[in-house]
Amino acid sequence: MKFAIAPDSFKNCMTAREAAEAIRSGLATVFPDAEYEMVPMADGGEGTVQALVDATGGALRQAEVLDPLQRPALATYGLLGADGDATGDASTAVIEMAAASGIGFVDESTENPLIATTYGTGQLIRAALDDGARRIIIGIGGSATNDGGAGMAEALGVRFLDARGNAIKRGGGALSQLSVIDTAGLDPRLESTEILIASDVDNPLTGPQGASAVFGPQKGATPAMVSQLDASLAHYAAIINSQLGRDVAQMPGAGAAGGLGAGLLAFTNAQMKSGVEIVAQTVRLAQRAADADYCITGEGGIDAQTQYGKTPMGVAKAVRQGNPSIGVIALAGHVGGDIGPLYDLGIDAIFGIVPGATTLEQALAAGPRNLARTAENVARLIAISGNQSSNNMPNNHL
Ligand SMILES: O=C(O)[C@H](O)CO
């Protein structure tokens with residue numbers, strides 16, 4: 001009997017690796033001799049750096065950056081281990097933009113998307129290049145910014161000038177004064193660096209579905225600021241198009257992280273991909289689960305949204321590629337209504353792990369125990385289903 005264990009983190013409760021350990025401990029009470037392939041997962045959002053470092057035997061690194069309000073901060077990124085490195089030589093870095101430019105750096109009294117900058121994200125990319133990265137996975141979303149990634153590009157050597165040739169201020173508000181983009185100083189290492197963007201949304205840069213209209217308010221933008229920021233980003237995109245020949249405004253995902261998606265597409269050779277697919281490929285999930293009987297995945301919450309690129313869905317797709325008969329079982333702290341489509345899309349069964357009425361605080365505190373107990377019960381079902389190998393039958397549990 002072989003299990004591939006590939007959960008996401010359970011937010012505010014367990015990292016993906018801790019969740020995988022809890023699942024293994026529950027399964028192992030019933031199948032102590034089974035083989036367990038541990039593959040902590042993520043979808044490009046929070047926890048991606050930790051999951052990829054854990055899954056590949058990599059290392060966490062820190063860099064001094066400027067936060068969205070240009071205050072000094074320390075931000076963590078990761079270098080993957082050779083285990084999960086598509087380059088084969090441990091030169092892939094993984095970055096979460098939110099580690100340098102995320103909403104967590106501001107509160108209601110300081111948030112201001114007119115001035116917030118992604119400069120620190122550019123500093124993280126530079127730090128990864130200094131570490132020798134030739135492939136960078138960057139998870140984007142959860143930002144405090146609305147600057148179209150101009151700050152990120154500036155940190156990598158691009159100059160943004162007004163009509164008089166002076167550098168404009170950082171932040172989305174000042175982009176309305178942009179006249180010339182000078183890319184002569186852009187870090188030449190970017191030319192030969194593969195950048196994969198794992199985006200949390202596929203919104204365009206501008207318009208009613210764009211970065212400012214949809215996500216500006218959650219960063220403190222008033223309706224007047226939303227109009228100003230949307231016009232600034234439209235102006236910025238028009239100059240990018242006319243001076244760099246890249247038409248990024250309506251590309252899917254260009255509006256992610258306050259338009260950082262657009263900035264990466266405009267100034268680097270980045271490609272936008274599904275976050276969970278990038279992670280699954282990087283950790284070779286399909287290969288590692290190719291001879292597994294079951295895959296156990298999970299996440300803090302599973303609901304109808306899960307089908308749109310969340311980890312359990314991406315895991316199911318990946319493991320079924322080379323192993324169509326694998327059983328895929330998902331465990332979650334919260335299971336929403338309308339999960340029917342997930343069964344058709346490749347998840348065989350979904351179980352909530354919370355045993356009864358409880359407060360969120362209690363549920364979080366008991367998370368690892370609840371996850372392990374639910375995994376044990378899943379194993380008990382498997383044991384009585386007759387699919388188990390007779391060598392692994394735990395008589396004392398039947
Ligand atoms: O950061 C943001 O703007 C949202 O998470 C969408 O990417």
Side-chain angles (χ1 to χ4, degrees), residues 8-9 11 42-49 65 67-69 75 95-108 110-122 124-125 137-152 170-173 175 195-223 225-230 232-234 236-237 248-266 270-276 278 300-301 305 308-311:
D8 203 324
S9 59
K11 204 168 179 190
D43 61 9
E46 196 185 336
T48 300
V49 166
V65 299
D67 81 357
L69 300 178
I95 290 172
E96 284 167 37
M97 78 79 70
S101 316
I103 192 91
F105 283 101
V106 296
D107 59 25
E108 268 184 28
T110 55
E111 62 188 6
N112 185 347
L114 290 175
I115 61 169
T117 175
T118 50
Y119 192 88
T121 298
L124 274 186
I125 294 174
I137 297 168
I138 177 162
I140 70 171
S143 67
T145 53
N146 207 102
D147 73 346
M152 172 277 305
R170 293 180 189 148
L175 288 173
I195 298 187
L196 298 173
I197 309 172
S199 168
D200 68 339
V201 297
D202 59 9
N203 296 60
L205 182 65
T206 55
Q209 293 306 316
S212 315
V214 178
F215 304 106
Q218 76 194 27
K219 305 170 193 179
T222 61
M225 280 157 85
V226 166
S227 306
Q228 186 186 346
L229 286 164
D230 191 51
S232 288
L233 288 182
Y236 170 67
V248 293
Q250 296 306 313
M251 285 185 178
L260 176 63
L264 286 164
L265 292 167
Q271 286 173 280
M272 188 83 63
K273 286 203 166 170
S274 138
V276 66
I278 293 173
Q305 294 298 319
Y308 304 114
K310 300 277 189 175
T311 294

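Order of appearance sets the numbers: ligands from 1, and atoms from 1 within every ligand.
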ask   = If you draw a 6.0 Å radius around CD in Gln228, do more than 12 non-hydrogen atoms from other residues or ligands fall strictly inside?
value = yes

key: Atoms in ligand 1 flagged as close to Gly142, the criterion being non-hydrogen separation under 4.0 Å   = 1 (O), 2 (C), 4 (C), 5 (O)

remark   = In Thr121, Asp147, Asp67, the residue satisfying side-chain hydrogen bond (donor to acceptor under 3.5 Å, both in side chains) with Ser101 is Thr121

inquiry  = Show the atoms of ligand 1 that are less than 4.0 angstrom away from any heavy atom in Gly258.
reply    = 3 (O)

query = Going by the atom numbers of ligand 1, which of them fall below 4.0 Å from some non-hydrogen atom of Gly141?
reply = 1 (O), 5 (O), 7 (O)

note = For Val201, the atoms of ligand 1 under 4.0 Å from one of its heavy atoms are 6 (C), 7 (O)

message = Quick one about Thr145 and Thr118 (side-chain donor to acceptor, distance below 3.5 Å, no hydrogens or angles considered), yes or no?
response = no

query = Taking N or O atoms only and a 3.5 Å limit, does Phe215 qualify as a polar contact for ligand 1?
reply = no

ask   = At a 4.0 Å cut-off, with the gap strictly under it, does some heavy atom of Met97 reach an atom of ligand 1?
value = no

CE on Met225 to CG on Asp230, rounded to 0.5 Å = 13.5 Å

ask   = Which of the numbered atoms in ligand 1 are below 4.0 angstrom from a heavy atom of Asp200?
value = 4 (C), 5 (O), 6 (C), 7 (O)

ask   = Going from CG on Leu265 to CD on Gln271, what distance comes out if it is rounded to the nearest 0.5 angstrom?
value = 9.5 Å

message = Among Ala256, Ser199, Ser143, which one puts a heavy atom closest to atom 1 (O) of ligand 1?
response = Ser143

Gln209 CD: over 12 foreign heavy atoms closer than 6.0 Å = no

ask   = Looking only at protein heavy atoms, which one is nearest to atom 3 (O) of ligand 1, and how far off is it?
value = Lys219 NZ, 2.7 Å

query = About how many Å separate CG of Leu233 and CG of Leu205, when rounded to the nearest 0.5 Å?
reply = 4.5 Å

